[in-house]
Amino acid sequence: MNNPGYEMRKVFEEIDRYQDRIVAFVDVMGIRNKMKEAQNPQDLSLFSEIMYINGNQPFAENKIETIMFSDCMYLVTESKYIDQIISLLANFAYNLLVNRIVHVKISQDGKLYDNVDWKCFKLRGGITFGKVLVLDEEARKKNKIINSNIIIGPAVITAYELENNHAIYPRIITDEAFNSLLKRNKISFERCSLVRDKDDDFYYLDFWNYMFKGKHGPNGFLPGCIEYIKNELEEALKSGNAKLVGQLLWYIRYLEKHE
């Protein structure tokens with residue numbers, strides 16, 4: 001018979017310090033309301049698939065620990081995997097945004113055409129560098145398999161507070177601890193597609209530039225996303241949701257820079 005308490009005590013044996021790790025916390029904006037409104041689990045199946053796929057990218061296997069719950073995710077990795085975590089986050093933000101379903105229809109004159117149903121989820125998050133412990137990772141070092149999804153340490157709180165209190169808009173920001181890590185490793189902000197927001201001095205991940213290196217990306221994707229978000233903005237204005245209006249305006253301006 002398994003003894004969870006004994007197994008956890010064995011994992012903690014000989015652990016006397018946290019690990020220094022990159023820690024990112026991300027949240028998919030708007031999903032909380034969709035969960036409340038969902039009539040059955042199938043309404044959230046596509047979102048769940050996107051979360052799982054982007055949390056388990058092959059290039060990040062055995063390099064980045066992912067802890068998922070609801071519409072949120074923690075990502076933890078060693079400092080030598082800066083490129084991998086930036087790539088994972090950029091791909092995650094992009095894939096959420098361009099999420100769409102294409103329906104092939106027939107026009108009145110008998111021609112086929114695509115009708116695109118955009119979803120355009122938005123990712124917000126924070127990245128830091130600090131003290132953390134991922135218990136499942138520690139268990140594997142002792143050849144034990146547990147699935148606790150437990151993550152502890154000061155950096156856990158820092159990453160969450162970055163996302164919750166400071167990211168504000170659909171963006172992934174970094175703090176001084178992560179920025180200093182880049183400088184120590186002689187990694188430029190440009191290499192990570194990090195740009196400074198002049199309004200608050202936070203650096204954020206320019207995921208569209210990371211994906212396409214200054215180009216527009218796939219034909220029709222960027223205009224389609226912008227149109228979708230402008231429709232969301234109209235609804236937010238009608239409902240008087242000032243906070244959401246500000247968030248969507250920021251995001252539209254960000255995307256329009258890449259047109």
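Heavy atoms only: backbone and side chains are in, while hydrogens, waters and symmetry mates are out. When a residue number appears, it is its place in the shown sequence, counting from 1.
No donor-acceptor contact under 3.5 angstrom links the side chains of Asn91 and Tyr210, judged on distance only. Asp206 and His258 form a side-chain donor-acceptor contact under 3.5 Å, judged by distance and modelled atom types alone.
Separation of atoms CD1 (Ile64) and CG (Leu88) is listed at 5.0 Å; rounding is to 0.5 Å. The NZ atom of Lys122 lies 12.5 Å from the CH2 atom of Trp250; values are rounded to the nearest 0.5 Å. For the atom pair CG of Asp83 and CD1 of Ile187, the computed distance is 6.0 Å after rounding to the nearest 0.5 Å. Once rounded to the nearest 0.5 Å, the distance linking OH of Tyr254 with CG of Asn209 reads 7.0 Å. The distance from atom CG of Leu194 to atom CG of Asp197, rounded to the nearest 0.5 Å, is 12.5 Å. Rounding to the nearest 0.5 Å places OG1 of Thr128 at 9.0 Å from CZ of Phe178.
In this structure, Leu97 and Phe207 have side chains that are in contact, with non-hydrogen atoms separated by less than 4.5 Å. The closest side-chain heavy-atom distance from Tyr169 to Arg253 is not below 4.5 Å.
A continuous path of Ile, Leu, Val, Met, Phe, Trp and Tyr side chains, each step under 4.5 Å between heavy atoms, connects Phe189 with Ile85, placing both in one hydrophobic cluster. Linking Ile, Leu, Val, Met, Phe, Trp and Tyr whenever their side-chain heavy atoms come within less than 4.5 Å leaves Tyr94 and Met29 in two separate clusters.
Gln247 contributes a side-chain N or O that, together with a main-chain N or O of Ile168, makes up a donor-acceptor pair within less than 3.5 Å. Judged by distance alone, with hydrogens and angles left aside, the side-chain atoms of Ser87 form no donor-acceptor pair with the main-chain N or O of Gln84 at under 3.5 Å. A donor-acceptor pair under 3.5 Å is absent between the side-chain atoms of Lys243 and the main chain of Asn241, judged by distance alone. Proximity of a side-chain donor or acceptor of Gln39 to a complementary backbone N or O of Glu37 within less than 3.5 Å is detected. A donor-acceptor contact shorter than 3.5 Å links the side chain of Asp136 to the backbone of Asn149.
Shown here for Arg21 and Val76, the closest heavy-atom pair between the two residues is CB-CG1, 3.7 Å. Looking at every heavy atom in both residues, Leu255 comes nearest to Ile229 through CD1-CD1, 3.6 Å.
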- For Lys141 and Glu138, run salt bridge (Lys or Arg N to Asp or Glu O under 4.0 Å): C-alpha distance rounded to whole Å, both residues' side-chain angles, the deciding distance at 0.1 Å, then the answer. CA-CA 5 Å; Lys141 293 177 183 178; Glu138 295 300 317; 3.2 Å; yes
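More than 12 heavy-atom neighbours from other residues, nucleotides or ligands sit within 6.0 angstrom of CZ on Arg184.
Checked against the 6.0 Å centroid criterion, the rings of Tyr160 and Phe25 qualify as a close aromatic pair.
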